[in-house]
Every structure is written in C-alpha cells, then in structure tokens.
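Report on the following structure.
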Amino acid sequence: MASSSSSSSCSSSSEKKITLKSSDGEALNVEKNVALEFEPAKGFLEDNSEEADDEAIVVPLPNVSAAVLSELIPYVKQRLELSAKPVQKKLIKAFDDQFTRHLSDDKLGELMLAANYLGVNYLLDVLCDVTADRIKNKSVEYVREFLGIQNDFTPEEEAELRAQCPWAFEGVDQD
Amino acid sequence: MVGLPQDIIVDIFSKMPAKSLCRFKCLSKAFMALITRPWLVKLHKNQNQQRQTVMVDDLIVRNSLLCLDIDRGITTVDQLHFPIENCCNDCAWILGSCNGLLWLLIYDDTARSSHVIYNYTTREFKRIPPYKPFDERYTSLYALGYAQSIDDFKVFGVSDPYDEVEANPTSAKHGRDAVMTQPRPGKILSALGLNKARTDLFLGYPYTPKRVLPIKVWITPYKPSISPVLCRCGIRLGCYIHPPLGTQRPR
C-alpha cells in the first residue's frame, strides 16, 4: 500500500515541469521528478516549496553548461524509468554502457564534474568506472596527459620508483 | 580531461586494479602520496579490489581473528560474524586463507561439521557443498587459493603419504587430482596458496629430506564466487603460522 501511494505521487509530479537555467543562461524544461534527481535543484525546490506554481520556478545551475545538461537530462529520465520498473541490473548496465560507450574523453570529464556537482551519484559511479577502465592499462605518460598531471619527480626518483615494482609495468597497452 | 577534483580522482583510482595503482605511483608526487595513503587502500579494498592478507593461527574465536597484512603488519579483526550463530564454542578452524577470504571448518551444537568460505571484510559467507575427501582422515592439509585463469577461488586438500598411507583412490573422481613429486617431508607445514597463473599449490617443509614421495593434491571443482577481496600488491599468500600468535584456544 505504501508503494502504491508513492507511485501515484510520483506520476503526478512527473507531469509537472521545472525550468533549469544553465551556466550559459539557457533555460531547459524538465519534468519535476528528473529535476529532483539533481541535489542543488532539489534543495532549491524545497526552499521554495511555498510557491504554488512549479511552472514559475527557475532553478539556476551555475556550474553546468546547457550542452552538458542536455545530455544529462535524457540519461537521468531514462534511468529513472528503468529503475522504476523491476528490471534486471543487466539492463541498467547495458543502458549505462550504451550511454558511455561513445563519450569522448573530454565529454567524460565534463559529465563527471556535472554529475559530481549535481549529486547524481549513480552516474558519477558509472563514469568513474568507465574512466578507470580507459586508463587502467595505459602507460604513466598517457595518464599524465589524460588527467593533465605535471610530473614533479626527477628522472632519478622516477627511475627508482619504477625499479621498485617492475612487474607493474609489464603488459601495458600501446598509447 | 583537466581539473578533476580530488574526490573524483579518488573514486576513479579506487576502481583500478592493484597493478595499475602500483604503476601510477609514478604519475607525480601528489599521486604517489594519494595512492599510498591508508584510506585509499581501504576504499580500494572496499571496492573488492586486490588486497593481501595472511591469517595467523588455525583456530579463531569470535572477535579474535588476527590477520597479518604484509603491508600493514599484524592487525586484529573485531566483531566477526560467524556464519553459524550457535556454533560450538564460538570458534572455528581456519583450513585455508587467501586474499581476505577464509575457509572455515565449523562444528555446530550437534557436532555436525560444515565447511564455509567466509569473507570477513564483507561478512559474506558461502557453504561448500559436501565433498567427501575433505572429511576423510587422510586429508592432512587444506588450502584455499585464487586462480586467475577463472578469476575465482579454489579449495584444496592435500594428503601427506606419511600421515596416511592408505588414501582412497576412488575419491579422486570428485575433483581433479594432481600428483606432485616432493622430497620426503617430516610433515607438511603449510600450503602457501596458488600461483596466480598456473594454479599450483606450494607446500612448505620443515627440512630438506632425501627420499622422494608423491603427494596427492585434491583440487575441487568448487568455486566460492564470493566477490573476491584480493591483495593490494599482486602477491598472494596464505599460511598458518605456528606457534599461534595471541588468539585464544578454549580450554
């Protein structure tokens, strides 16, 4: 009985639209249940819950660009639909795989920052998995480039570190 | 991909295998510090990545498991949840250990024995289906090992020909058995886990003898499939250390 009441409230809220305002000033209309997945928007809506008309609320998200938001919103929407059904984890994983497969490295970074800021932890988790997967077999040089890391070891220090665990440098992928 | 905050970096690195982390210590001084920091190791362990643990002693009592982590020295593990709540004397025998998994022999109140694979980090356990050779007297040594080829663990029993000469050859059908030719041991002291690639069992001997005798190694087809907690630096080891260090024996 608890589940039926929560699902009915869910469906009624999903019809309401909220406006999200991106860092570059674009306004995007989303369903309320999608907006509630974003922590800053959720907090904003709770603070402004006295407002009778949800349509009038504009939630500013100053750390996320419209380009990133417009990728995030369909993902979160579909993911919500999937997790509302009693589907297998495999399906969700397949959906996540499909979403992340074609992302460029830069896009991956932007999405991680956005997911972190918006508190969409399931997406952040998936993106971290993908990133870890992309770099785990790569060389030190490749990962420095990938993550924008400045090497502050002297050549002697680095050579010494490498000598400590030579097995860790075996079987590394070509850059 | 520039300018990721540290918490995201930590998330990403906690999902990587131990080998990659060892390599990425060379990225920069900051990463070296990050990767070797204990809390990342802990997070990493919690992500079911590799970690190395050696259990000490062959008998554990509730709340008194001692374990030796090669990287962090001897630690105690508190608040064990034994797979069987009302097990005899609140204790269990460790038949083998590998990468944070324990193979326990537990007797319940009616003195029925059961074999259990127990992950003390996640507190999950799985019962090993009855496998006759393990309950027979000639199995003088047990070992739990990780086999990379199947990315899972295997349990072993080893018979010492000097302990029990009359091994029952028909029992071998249940698993794969291999005959290892080893110098004559005084008694087999310990099994040191498995070679990661070739599923070998290493045996320790107290002294180097002169005669050569075959030792039977029983390898079960059983796979525990509890999400493995593996070692942090790619070395896998499990052994008993005698005399017992600190754990209490009843009586």
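In this text the structure is predicted, and so the values were computed from the model without any measurement.
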(message) For the interface with chain B, which of Asn116(A), Leu124(A), Leu127(A), Asp133(A) has the highest count of heavy-atom pairs at distances below 4.5 Å?
(response) Asn116(A)
In terms of heavy-atom proximity below 4.5 Å to chain B, should [X] be classed as side chain, backbone, both, or neither?
| X | answer |
| --- | --- |
| Ile135(A) | both |
| Gln150(A) | backbone |
| Lys138(A) | backbone |

(message) Can you give me the closest heavy-atom contact between Ser22(A) and Ser65(A), atom names plus distance?
(response) CB-C, 3.8 Å
(message) Rounded to the nearest 0.5 Å, what separates atom CG in Leu147(A) from atom CD1 in Ile12(B)?
(response)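 Here the interatomic distance stands at 6.5 Å.
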(request) Could you tell me whether Glu81(A) and Lys77(A) have a side-chain N and a carboxylate O separated by less than 4.0 Å? (result) no
(request) Report yes or no: do Ser28(B) and Asn151(A) form a side-chain donor-acceptor pair below 3.5 Å? (result)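 Judged by distance alone, the side chains do not pair up.
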